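Remember, it's a predicted structure, so these values are computed and weren't measured experimentally.
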Protein chains: 2
Amino acid sequence: MEPDPSKSPTGGSSSLIFLGTGCSGTLPDARCLLKPSTPPCAVCSMGISLPPEGNPNYRLNTSLLVDYCHDDGTHRYILIDIGKTFREQVLRWFVHHKVPYVDSIILTHEHADAVLGLDDVWVVQPRNDRNDVEQIPIFLTQFTMDSIARRFPYLVEQRPEDGDEDAQAAKIDWKIVQDDVEKPFVASALEFVPLPVMHGEGYICLGFLFGRRARVAYLSDVSRFLPKTKHGKKLILVHNSLFR
Amino acid sequence: MEPDPSKSPTGGSSSLIFLGTGCSGTLPDARCLLKPSTPPCAVCSMGISLPPEGNPNYRLNTSLLVDYCHDDGTHRYILIDIGKTFREQVLRWFVHHKVPYVDSIILTHEHADAVLGLDDVWVVQPRNDRNDVEQIPIFLTQFTMDSIARRFPYLVEQRPEDGDEDAQAAKIDWKIVQDDVEKPFVASALEFVPLPVMHGEGYICLGFLFGRRARVAYLSDVSRFLPKTKHGKKLILVHNSLFR
């Protein structure tokens with residue numbers, strides 16, 4: 001399978017596409033709209049009164065698409081997190097940027113806003129020349145895997161949901177990674193260094209350090225850094241972009 | 001808590017608000033848009049080229065809101081199914097129809113397109129005069145309950161997700177019902193008769209018969225009727241509305 005580099009929005013370079021920079025509950029907050037305060041909340045009012053594109057107050061679950069351009073000009077698409085609003089993100093931003101599929105997925109943690117879109121993963125799976133669905137690798141910790149297995153047993157067992165005879169089963173290659181900065185892994189030929197951080201005490205969420213020419217540290221859900229995660233090198237830091 | 005009847009779109013009468021009449025994968029199908037055929041699929045192209053309101057090819061997960069007007073003029077809002085697209089449905093149709101909250105929820109079955117919006121149930125919970133969240137009853141079979149308990153343990157245990165210290169815990173009163181036409185139950189003072197049907201062989205999905213002046217049979221996911229579910233009375237039949 002050879003993606004057509006001319007179809008990439010970035011031509012011969014890599015890019016980051018921020019599919020969502022909102023909180024778990026997203027913006028606008030429906031509560032503000034169903035029971036408006038006096039005066040109404042300006043943020044949520046704007047969130048629904050302008051088209052979502054370019055609307056700073058229409059924000060979906062945090063998710064990043066890495067459009068990675070290899071040296072030979074081919075593009076690979078690596079998705080970090082697939083939350084509750086994944087369907088909308090695909091319809092809006094995949095179509096806009098002409099992203100044809102996802103090559104691999106990486107999960108930061110197992111909260112609903114990071115994984116609940118997995119039921120729709122089949123719509124972005126790559127296909128081979130005969131139009132058969134190809135397996136998509138999903139990188140995640142064992143802790144996240146255990147949670148996914150409870151939530152989506154049919155995805156782990158590669159079958160449709162019970163009783164859903166017409167549905168297509170997703171084809172997924174589950175790949176366990178370690179929450180350890182010393183244990184990088186490779187997704188679609190790009191190396192990712194896990195950056196474990198605390199997301200509430202007692203709960204570890206992964207950030208990732210990646211990129212060859214520019215180094216990017218992507219940390220989407222952090223309450224406290226761990227000493228071992230601090231990194232001295234010069235890099236682009238993307239950190240809880242909701243608050244920036 | 002006394003809802004303001006003047007705020008209801010239907011004034012002094014009951015109504016049915018179809019929040020979604022789409023399939024599990026919704027319309028438009030993102031696959032048609034990411035890899036367009038030649039010529040492009042007319043249905044999915046229209047699904048994304050017009051605003052969702054009034055667009056017959058923009059269809060979200062099947063879900064019905066029963067706006068039930070009591071004899072004293074007060075309204076109660078009963079939601080049947082809360083699928084993957086619940087957030088969008090609230091923002092679009094709850095706001096449009098000025099629906100302030102949901103009084104009770106009924107689940108037809110435990111597939112993703114019927115239950116995966118449960119993580120967002122907190123945005124439509126009723127509140128008392130002191131603005132405290134009130135418990136919302138959710139009616140479901142034991143089979144569905146067991147599935148929900150695996151998928152959403154934090155909702156069943158009434159706590160935030162692990163590590164999500166800032167989140168608000170939903171307050172839910174889980175109410176087990178039988179898949180038996182002889183065992184009606186009452187949600188927000190309206191009687192519902194369960195209508196078990198097959199949804200794929202070996203898998204039971206519930207439809208419901210309800211309404212005082214007009215009788216409505218709502219059957220959202222049916223592959224085969226069961227003899228005991230057939231009902232001789234004159235009624236309004238809503239059946240797999242996707243295909244009508």
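The parts of A:Pro28 that come within reach of chain B are both its backbone and its side chain, each placing non-hydrogen atoms under 4.5 angstrom from that chain. When heavy atoms are compared at a cutoff of 4.5 Å, A:Gln125 does not approach chain B at all. Only the side chain of A:Leu60 comes within less than 4.5 Å of a heavy atom of chain B; its backbone N, CA, C and O stay farther away.
No hydrogens or angles considered: nothing links the side chains of A:Arg87 and B:Thr85 as a donor-acceptor pair under 3.5 Å.
Residue with the most contacts toward chain A among B:Arg150, B:Arg31, B:Met198: B:Arg31 (heavy-atom pairs, distance under 4.5 Å). Top candidate by heavy-atom pairs under 4.5 Å with chain A, chosen from B:Ser24, B:Ala112, B:Gly47, is B:Ala112. When each of B:Val124, B:Leu33, B:Val95, B:Ile204 is checked for heavy-atom pairs under 4.5 Å with chain A, B:Val95 comes out on top.
Once rounded to the nearest 0.5 Å, the distance linking CZ of A:Phe86 with NZ of B:Lys84 reads 11.0 Å. The distance from the CD1 atom of B:Ile48 to the NE2 atom of A:His96 is 11.5 Å, given to the nearest 0.5 Å. Of the inter-residue distances, the one linking B:Leu116 atom CG with A:Asp120 atom CG reads 9.0 Å to the nearest 0.5 angstrom.
Looking at B:Leu34 and A:Val123, their side chains never come closer than 4.5 Å, going by heavy atoms from C-beta outward. Between B:His109 and A:Glu161, the closest side-chain pair of non-hydrogen atoms is not below 4.5 Å.
Listed in order of number, the residues of residues 151-158 of chain B that approach chain A to under 4.5 Å between heavy atoms are B:Arg151, B:Phe152, B:Tyr154.
Checked by atom type and distance alone, the side chain of B:His111 pairs as donor or acceptor with a backbone atom of A:Asp162 at under 3.5 Å.
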